[in-house]
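In what follows, a single structure is set out as structure tokens and then discussed.
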Amino acid sequence: MSARRLLLIGPPGAGKGTQAGLLAARLGITQVATGDMLRAAVAAGTEVGKRAKARMDAGELVDDELVTEVAKERLAQEDARRGFVLDGFPRTAAQAKSLDEMLPRLGVALERCVVIEVDEEELVKRLLARAQIEGRSDDNEASIRVRMQAYREKTRPLVEHYRELGLLVNIDGSGDIEEVARRIEAALG
Ligand code: AMP
């Protein structure tokens with residue numbers, strides 16, 4: 001299989017990060033997860049981390065410019081040449097536009113955009129359960145609500161953009177991790 005370049009979109013709690021990790025391992029490509037990179041920046045106390053922390057804790061989206069720079073630097077690294085799965089970027093129309101401009105400059109194109117769909121009540125249940133296990137500082141109920149709203153209003157509309165580009169693959173995100181992974185695998189071929 002040639003290098004694969006994928007984008008995963010899904011609401012908070014849909015298992016997007018887990019599925020992106022599984023895909024990256026299975027296909028031997030690089031997972032580019034802006035949320036993970038931002039959390040690492042916060043933990044390391046870098047300038048990026050300092051600028052991102054308050055918004056992340058509140059469940060709000062970080063500035064387009066900041067996160068776009070983070071994603072751009074990561075995609076330009078050597079290991080992303082074997083292929084990548086974008087996890088958590090883009091999340092706004094402005095970020096999607098930046099990505100559309102950035103990829104041709106790197107000489108690559110997206111192959112598929114996988115959208116994981118899960119009912120919102122199920123998501124809140126999952127996120128509250130994850131909060132107890134992982135202790136992520138943004139897994140409290142108020143922050144979860146803000147993140148859901150950001151997804152609904154800013155990120156979910158991007159699906160239309162990828163549909164128009166003919167890249168969209170819809171995946172039912174209900175059930176356990178393995179079930180969802182099998183659906184994604186079947187859909188991507
Ligand atoms: P995630 O791990 O993908 O759920 O991301 C955790 C948090 O990082 C989000 O709630 C945002 O505050 C921030 N974040 C991650 N990726 C982005 C992005 N592409 N645009 C804006 N904020 C982001």
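Note that the numbering runs from 1 along the sequence shown for the chain. Counting convention: from 1, in listed order, for ligands and their atoms alike.
Taking any N or O of Thr34, backbone or side chain, at least one lies under 3.5 Å from an N or O belonging to ligand 1. Residue-to-ligand polar distances keep Asp87 apart from ligand 1: every N/O pair is separated by 3.5 Å or more. Checking only distances, Gly88 does come within under 3.5 Å of ligand 1, N or O to N or O.
Counting protein heavy atoms only, atom 7 (C) of ligand 1 is closest to Met56 CE, 3.9 Å. The protein non-hydrogen atom at the shortest distance from atom 20 (N) of ligand 1 is Gln95 NE2, 2.9 Å. Of the protein's non-hydrogen atoms, Arg39 NH1, 3.5 Å is the one closest to atom 6 (C) of ligand 1. If you check which protein heavy atom lies closest to atom 10 (O) of ligand 1, you get Arg147 CG, 3.9 Å. Of the protein's non-hydrogen atoms, Leu38 CD1, 3.7 Å is the one closest to atom 13 (C) of ligand 1. Closest to atom 22 (N) of ligand 1 among all protein heavy atoms lies Val62 N, 3.0 Å.
A donor-acceptor pair under 3.5 Å is absent between the side-chain atoms of Arg55 and the main chain of Val62, judged by distance alone. Remark: the backbone N or O of Gly15 is not paired with any side-chain donor or acceptor of Gln19 at under 3.5 angstrom. Counting only distance, with no hydrogens or angles, the side chain of Thr30 and the backbone of Phe84 share no donor-acceptor pair below 3.5 Å. Gln149 places no side-chain N or O within donor-acceptor distance of the main-chain N or O of Val146, the cut-off being under 3.5 Å. With hydrogens and angles disregarded, no donor-acceptor distance shorter than 3.5 Å links the side chain of Asp63 to the backbone of Leu66.
Ionic pairing of Glu120 and Arg152 is present here: one or more N-O contacts between side-chain nitrogen and carboxylate oxygen are shorter than 4.0 angstrom.
Tested against Leu6, the residues Leu86, Leu188, Leu110, Val114 include a single side chain to side chain contact (heavy atoms under 4.5 Å, CB included) partner, Leu188.
Using a 4.0 Å cut-off to heavy atoms of Lys16, the atoms of ligand 1 that qualify are 3 (O).
Closest to atom 1 (P) of ligand 1 by heavy atom, among Lys53, Glu60, Arg91, is Arg91.
One side chain, Gln77 or Arg74, offers a donor N or O that lies under 3.5 Å from an acceptor on the other.
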